[in-house]
Protein chains: 2
Amino acid sequence: MLRKVDKHSGIPAYIQIVNMIKSEVLLGNLQKGAQLPTIRDLQNIFDVNINTVLKALEKLKAEGYIEAEQGVGYFIKRDVYIDQKIIETIRECVSKLKDDRIDFHTAMLIFEEVWKNG
Amino acid sequence: MLRKVDKHSGIPAYIQIVNMIKSEVLLGNLQKGAQLPTIRDLQNIFDVNINTVLKALEKLKAEGYIEAEQGVGYFIKRDVYIDQKIIETIRECVSKLKDDRIDFHTAMLIFEEVWKNG
DNA sequence: AATAGTGTTATATAATTATATAACACTATT
DNA sequence: AATAGTGTTATATAATTATATAACACTATT
């Protein structure tokens with residue numbers, strides 16, 4: 001789901017935008033050929049300047065996720081296959097963590113630390 | 001574990017440093033009263049400029065995680081209690097995901113998206 | 001008292017990130 | 001042919017992030 005950028009997270013806005021769009025592709029919510037909202041709509045959705053949107057789209061284009069058609073719009077260029085088992089594993093984990101009332105940021109920190117230093 | 005900052009991640013170095021130190025506190029590897037390496041050692045550990053280290057430490061101080069004693073060093077100011085059950089949940093999840101050969105960045109993207117938009 | 005090892009403060013510079021604004025180019029519809 | 005709706009390119013400005021460097025202040029040991 002495309003949503004407002006978090007301006008206090010410390011993570012650059014254009015990186016957050018790249019991440020959100022990648023996530024949509026990974027989860028299959030945006031499939032090959034799908035058209036993105038117009039850049040001026042994206043500007044409102046993410047609540048950033050149009051140049052920040054463009055910077056994010058440029059990065060996604062460079063990574064092969066999307067392509068532009070001038071005068072028409074931006075389109076998803078490829079599907080990224082993710083085994084549903086993986087998504088289910090993550091859903092279960094998130095569900096358990098929410099039951100335990102842990103906040104997102106803390107969960108992410110532990111997740112990253114455990115991943116990188118088992 | 002304190003390690004080199006990833007200069008290509010797009011996430012500001014001082015934020016990565018803040019996150020690593022917070023993680024150590026969350027996992028109990030750095031407990032109340034523990035002394036951090038000197039700022040000049042941290043500079044080498046993280047592979048950044050001394051001012052970048054200071055910026056991170058300043059933020060951690062502002063959030064109450066650490067305190068400074070001039071001429072002596074930086075110390076952990078408080079413990080943050082995390083239920084071991086939570087850490088175990090995350091360990092299991094990470095273990096499963098690694099078995100499925102998914103990469104860290106992709107896992108994080110899905111984790112975040114599932115969390116924020118179940 | 002001297003010194004080595006800490007943190008502290010300050011100045012300058014460059015690259016990156018984000019905003020504001022405007023004009024332009026292409027496409028599809030009227 | 002005109003026009004509304006797309007993406008594209010460009011310029012200026014400000015704030016943030018990161019580096020380099022130097023001098024200073026406090027603490028504990030010698």
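From a predicted model like this one, the values you see are computed outputs, not experimental measurements. Protein chains get the first letters and strands the later ones, always in sequence-line order, with residue 1 at the start of each.
At whole-Å resolution of the value, CG in B/L54 and C1' in C/dA10 are 12 Å apart. Atom CG of A/D47 and atom C1' of C/dA18 are 12 Å apart (whole Å). Note: CZ (A/F46) to P (C/dT19) measures 13 Å, nearest angstrom. Here D/dT16 presents its P atom at 13 Å from NZ of B/K59, a figure rounded to the nearest Å. Rounded to whole Å, atom P of D/dT6 lies 14 Å from atom CG of A/L57. Distance B/I39 CD1 to D/dT19 P: 15 Å, rounded to the nearest Å. When rounded to the nearest whole Å, the span between CD1 of B/I50 and C1' of D/dA22 equals 11 Å. Distance, A/L42 CG to D/dG5 C1': 15 Å, rounded to whole Å.
Proximity of B/K55 to the phosphate of D/dA18: no side-chain N or O atom is located under 4.0 Å from OP1 or OP2.
For the 3.5 Å distance criterion, the side chains of A/T52 and A/N49 fail to qualify, holding no donor opposite an acceptor. A donor and an acceptor atom, one from each side chain of B/S9 and B/Q16, are located under 3.5 Å apart.
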task: Show your reasoning for whether side-chain contact (heavy atoms from CB on, under 4.5 Å) applies to B/F111 and A/L97.
output: CA-CA 11 Å; B/F111 187 90; A/L97 294 174; 3.9 Å; yes
query: What's the verdict on side-chain contact (heavy atoms from CB on, under 4.5 Å) for B/Q43 and B/D41, showing C-alpha distance, side-chain angles and the deciding distance?
result: CA-CA 5 Å; B/Q43 180 179 3; B/D41 281 346; over 6 Å; no
message: If you apply the rule salt bridge (charged side-chain N to carboxylate O under 4.0 Å, His left out), what do you find for A/K96 with B/E88, and how did you get there?
response: CA-CA 11 Å; A/K96 277 189 201 170; B/E88 200 41 51; over 6 Å; no
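The partner of C/dT11, taking Watson-Crick or G-U wobble pairs whose two distances both stay under 3.5 Å, is D/dA20. In a base pair of the Watson-Crick type (N1 to N3 plus N6-O4 or O6-N4) or a G-U wobble (N1-O2 and O6-N3), with each distance short of 3.5 Å, D/dT27 is matched with C/dA4.
For B/N51, whose side chain is taken as the heavy atoms from C-beta onward, the closest listed nucleotide among D/dT21, D/dA25, D/dG7 is D/dT21. In the set D/dA18, C/dT8, C/dT6, the nucleotide with an atom closest to the side chain of B/Y74 is C/dT8. Residue A/T52 has its side chain nearest to C/dA18 when only C/dA18, D/dT19, C/dG7 are considered. Of the listed nucleotides (C/dA20, C/dG7, D/dG7), C/dA20 has the atom at the smallest distance from the side chain of A/N49. Across C/dT19, D/dG7, D/dA18, the shortest atom-to-atom separation from the side chain of A/Q70 is found for D/dG7.
When side chains are defined from C-beta on, A/L109 does not count as touching B/L27, because their heavy atoms never get closer than 4.5 Å. With contacts defined as side-chain heavy-atom distances shorter than 4.5 Å, the pair B/K77/B/K32 does not qualify.
Within 3.5 Å, no donor on the side chain of A/R40 pairs with an acceptor on the base of D/dG5, nor the reverse.
Side-chain N or O atoms of A/R78 include none that pairs as donor or acceptor with a backbone N or O of A/I76 at under 3.5 Å.
Using a 4.0 Å cut-off on heavy atoms, the residues of residues 7-25 of chain B that approach DNA chain D are B/K7, B/P12, B/A13, B/Y14, listed by number.
Comparing B/G71 and A/Q43 along DNA chain C, the residue whose closest nucleotide (by nearest heavy atom) sits nearer the 5' end is B/G71.
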